[in-house]
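The sequence lines fix the lettering, A, B, ..., with proteins before strands; numbering per chain opens at 1.
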Amino acid sequence: MASRIASILAGGEPVGSKVTIEGWIRTRRDSKAGLSFLAVHDGSCHDALQVVAPAELANYASDIQRITTGCSVRCIGELVQSQGKGQSVELRADSVEVVGWVDDPDTYPMQPKRHTMEYLREVAHLRVRTNIVGAITRVRHSLAQAVHRFFHERGFFWIHTPIITASDAEGAGQMFRVSTLDLANLPKTPDGKIDWDKDFFGKEARLTVSGQLNVETYCLALSKVYTFGPTFRAENSNTRRHLAEFWMIEPEIAFADLAADAQLAEDFLKFIFKELLRERADDMAFFEKFVDPECVKRLTSMVETKFERMDYSDAIKTLQSSKEKFEYPVTWGIDLQSEHERFLTEKVVKGPVAVINYPKDIKAFYMRLNADEKTVAAMDVLAPGIGEIIGGSQREERLEVLDRRIEEMKLHAADYWWYRDLRRYGTVPHAGFGLGFERAIQYATGVENIRDVIPFPRAPRQAEF
RNA sequence: UCCGAAGUAGCUCAGUGGUAGAGCAGGCGGCUGUUAACCGCCGGGUCGUAGGUUCAAUCCCUACCUUCGGAGCCA
């Protein structure tokens, strides 16, 4: 059985022991002193292991000296103290077997040099062999595990809300259609419309844009629940912050108000980033050095700083009385622009802040109406360096108020019959929030384009891999 | 979708109205317990696509495609 390079570099194998490693070549350097140095990575950690291959090996000239970046190898040998600088231990090889050659080294897309992220995106099947995408991938995993650990340890249940939805009541944005109908020969009703009754589900179906409405049903039985899964938006968004397919985390808690929701959001962010700093110090050091010098400081600060709370109305007053010149003017009733959010969290609070109680007209129908009848119990958690990172709310649990809001927003109560049922049968105050997983990864690593923090990005005109 | 920028060797880029260069990568050789090493030599490009202007276009013009950045939408 091969050892993981992570375990070897962490001191899990004593010097002098015989080990086998399996991985891919980063670089080969020959020395005429009669040996070659192979930097081998297996993805288990950020660093590669240096393998020293002496010229006495039987296949030295035939194989080892022909090794290029990207070849896969199996190396067996003794773990020894390194004679050179840059690594503490290295593998003195008794055998180096090339498991897979690189066909044409001249055109192998990955080279031992710095590539642009744009270029790497064009070779998404190979880009994970680079330092940076490997690091992103391990960070992504570590954060995902921390998310589940946070909720599990606090008694939350993970609910697998559906990917396909036929309710068309989720509200947020353009949705992808799901259909098995023959596009070239659509069945029609007598009045010439598409006969959706002939489609797979007997009605129009789409990919979900949020698991929230579904997860609320489970919340009102299991008390503490969350979703963590893929979400889809068919918006023609071409930005470094949007994907057509992304992962979202949406906890929902029963017998809870907005204050409890904000506290949950604070505890949650602190937990996952603390765990990340602990588990992936190697990769975070890499991001700090090559991608974003502030990233570790930013996370450390968030973990240690108490989040403030600020009423939306106070936030507006603060913005209005500031001397800052904003591109968008500030009046009560507007949705805060990115520049406003950054100002509040970076200049006013100088730390994370939960802005609460937004005007009802700029928020969704399901958010709970406050006593002033003008605002709803919504919150946005803002953080320095990014602005909004979490959005959430207390949900409207009073049926008559919910119905009024549905009507005001020109929605159809009938579309929400099962959602309304929750308010008819044993309703309780409850609250939740949503976090875009990829945006959390961007925040943690400083990677600028969201397409680089998901293995295979889906965006307008982009679904090659 | 709107605004702006860019597409020249495998990669990163420079460059000129008279069909092009560098660094890295690759091949060969030299050198070294090396650290995306270093030194020398060599191969490699219908300059995004399609039209147009011109004696002549990679360079100027138009359209399109693609990518990037910003905006909107939002997570």
Side-chain angles (χ1 to χ4, degrees), chain A residues 25-39 41 47-55 65-66 68-70 80-87 90 92 102-123 126 130-132 171-174 208-212 227 230-250 290 327-328 335-339 362-364 380-381 386-392 433-443 448-454 459-462 464:
Chain A
I25 298 291
R26 276 256 154 74
T27 58
R28 187 196 92 220
R29 294 179 294 276
D30 296 330
S31 168
K32 279 298 183 296
L35 34 89
S36 287
F37 299 98
L38 307 172
H41 70 100
D47 291 326
L49 180 68
Q50 174 155 289
V51 173
V52 182
Q65 289 201 297
R66 289 174 49 226
T68 56
T69 301
V80 297
Q81 216 79 49
S82 180
Q83 294 173 32
K85 298 187 202 105
Q87 60 281 318
E90 62 194 20
R92 187 153 196 92
V102 166
D103 239 27
D104 179 8
D106 195 29
T107 57
Y108 179 59
M110 297 296 100
Q111 293 167 7
K113 59 175 281 192
R114 197 164 183 159
H115 286 109
T116 61
M117 297 309 282
E118 294 79 35
Y119 171 70
L120 290 176
R121 228 169 278 148
E122 293 169 19
V123 285
L126 299 171
T130 61
N131 279 326
I132 187 167
Q174 282 291 112
T208 184
V209 293
S210 164
Q212 185 201 315
T227 71
T231 310
F232 307 87
R233 301 278 165 91
E235 300 287 354
N236 190 12
S237 297
N238 254 300
T239 81
R240 59 190 183 83
R241 301 182 310 282
H242 291 85
L243 288 166
E245 176 183 278
F246 62 100
W247 285 58
M248 194 151 63
I249 298 153
E250 298 170 289
F290 291 107
E327 193 184 335
Y328 293 88
D335 205 356
L336 297 181
Q337 296 293 317
S338 191
E339 56 172 347
I362 57 170
K363 291 293 181 181
D380 283 348
V381 178
I386 186 174
E388 181 186 338
I389 185 165
I390 275 180
F433 63 78
L435 169 75
F437 186 51
E438 284 75 18
R439 292 203 179 161
I441 300 169
Q442 285 186 276
Y443 179 70
E448 289 185 339
N449 196 308
I450 199 167
R451 298 176 194 202
D452 301 321
V453 299
I454 191 167
R461 309 191 61 78
Q462 184 166 51
E464 174 71 17

Taking only residues two or more places apart in sequence, or in another chain, which ones meet A:Thr68 in a side chain to side chain donor-acceptor pair (under 3.5 Å)?
none
What's the shortest heavy-atom distance between A:Phe37 and A:Leu35, and which atoms?
CZ-CD1, 3.3 Å
Given the C1' atoms of B:C47 and B:A6, what is the spacing between them in whole Å?
14 Å
For B:G44 versus B:A22, give the span between their P atoms, rounded off to a whole number of Å.
13 Å
Runs of at least three consecutive Watson-Crick or G-U pairs, both distances under 3.5 Å, are what I'm after; which ones involve RNA chain B?
B:1-7 with B:65-71, B:10-13 with B:21-24, B:26-30 with B:38-42, B:48-52 with B:60-64
If you restrict it to nitrogen or oxygen atoms, what contacts under 3.5 Å exist between nucleotides 32-38 of chain B and the protein, and what is each distance?
unit_1 : atom_1 : unit_2   : atom_2 : d
B:U32  : N3     : A:Asp30  : O      : 2.9
B:U32  : O4     : A:Asp30  : O      : 2.7
B:U32  : O4     : A:Ser31  : N      : 3.4
B:U32  : O4     : A:Lys32  : N      : 2.9
B:G33  : N7     : A:Gln83  : OE1    : 3.2
B:G33  : O6     : A:Gln83  : NE2    : 2.9
B:G33  : O6     : A:Arg92  : NH1    : 2.9
B:G33  : N1     : A:Glu90  : OE2    : 2.6
B:G33  : N2     : A:Gln50  : NE2    : 3.1
B:G33  : N2     : A:Glu90  : OE1    : 2.4
B:G33  : N2     : A:Glu90  : OE2    : 2.9
B:U34  : O2'    : A:Arg29  : NE     : 3.4
B:U34  : O2     : A:Arg29  : NE     : 2.9
B:U34  : O2     : A:Arg29  : NH2    : 3.1
B:U34  : N3     : A:Gln50  : OE1    : 3.1
B:U34  : N3     : A:Gln50  : NE2    : 2.9
B:U34  : O4     : A:Gln50  : NE2    : 2.7
B:U34  : O4     : A:Gln87  : NE2    : 3.0
B:U35  : O4'    : A:Arg29  : NE     : 3.3
B:U35  : O2     : A:Gln87  : OE1    : 3.2
B:U35  : N3     : A:Lys85  : O      : 2.5
B:U35  : N3     : A:Gln87  : OE1    : 3.3
B:U35  : N3     : A:Gln87  : NE2    : 3.3
B:U35  : O4     : A:Lys85  : N      : 2.5
B:U35  : O4     : A:Lys85  : O      : 2.2
B:U35  : O4     : A:Gln87  : NE2    : 3.4
B:A36  : O2'    : A:Pro112 : O      : 3.2
B:A36  : N1     : A:Arg114 : N      : 3.0
B:A36  : N3     : A:Pro112 : O      : 3.2
B:A36  : N3     : A:Lys113 : N      : 3.4

Using every non-hydrogen atom in the two residues, find where A:Arg241 and A:Thr239 come nearest and quote the distance to one decimal.
N-OG1, 2.9 Å
Euclidean distance for P, B:G26 against B:G21 (whole angstrom)
23 Å
What is the distance from CD of A:Gln212 to P of B:C74, rounded to the nearest Å?
15 Å
Using the P atom as the point on both nucleotides, what is the distance between B:U35 and B:G72, in whole Å?
49 Å
Sugar-phosphate or base contact per nucleotide [nucleotides 63-72 of chain B; S, B, -; heavy atom under 4.0 Å]
---S-SSSBB
Within this structure, what is the OG1-NZ distance for the pair A:Thr27 and A:Lys113, rounded to the nearest 0.5 Å?
15.0 Å
Are A:Asn131 and A:Arg26 linked by a side-chain donor-acceptor pair shorter than 3.5 Å?
yes
Can you tell me how far P in B:U67 sits from the matching atom in B:G29, rounded to whole Å?
43 Å
Just so I know, are the side chains of A:Leu120 and A:Met110 near enough to count as touching, which here means a heavy-atom distance under 4.5 Å?
yes
Is A:Arg240 reaching over with its side chain to a backbone N or O of A:Glu448, donor-acceptor style, under 3.5 angstrom?
yes
With P as the reference atom in both, quote the distance from B:U12 to B:G69 in angstrom, rounded to an integer.
15 Å
Quickly work out the A:Leu336 CG to B:C73 P distance and round it to whole Å.
13 Å
Does any N or O in the side chain of A:Glu339 come within less than 3.5 Å of the main-chain N or O of A:Tyr328, such that one atom is a donor and the other an acceptor?
yes
Atom NZ of A:Lys363 and atom C1' of B:C74: how far apart are they, to the nearest Å?
11 Å
Taking B:C24 as the reference, what is the distance to B:A56 when you measure between their P atoms (whole Å, please)?
40 Å
Would you say the side-chain atoms of A:Glu250 pair up with the backbone N or O of A:Gly211, donor to acceptor, closer than 3.5 Å?
yes
Which residues satisfy the side-chain contact (heavy atoms from CB on, under 4.5 Å) test with A:Glu245, sequence neighbours excluded?
A:Phe232, A:Arg458
When rounded to whole Å, the OH to P distance for the pair A:Tyr119 and B:C24 reads 18 Å
With no hydrogens and no angle check, just 3.5 Å: does a side-chain donor-acceptor pair link A:Ser36 and A:Gln65?
no
Tell me the interatomic distance from A:Glu388, atom CD, to B:C73, atom C1', rounded to whole angstroms.
13 Å
Please write out each protein N/O paired with an N/O of nucleotides 4-8 of chain B under 3.5 Å, distance rounded to 0.1 Å.
none

Euclidean distance for P, B:A14 against B:G23 (whole angstrom)
16 Å
A:Thr231 side chain vs A:Val209 backbone, donor-acceptor pair below 3.5 Å
no
Distance check, rounded to the nearest 0.5 Å: A:Ile249 atom CD1 versus A:Phe433 atom CZ?
8.0 Å
Within the structure shown, what part of the strands sits under 4.0 Å from A:Leu243 by heavy-atom distance: base, sugar-phosphate, or nothing?
base
In sequence, state the C-alpha distance, the side-chain angles, and the governing distance for A:Arg92 and A:Gln83, and then conclude on side chain to side chain donor-acceptor pair (under 3.5 Å).
CA-CA 11 Å; A:Arg92 187 153 196 92; A:Gln83 294 173 32; over 6 Å; no
For A:Arg233 against A:Phe246, the heavy-atom pair lying closest together:
CG-CE2, 3.6 Å
Here the distance between atom C1' of B:C74 and atom CD of A:Glu438, to the nearest Å, is 14 Å
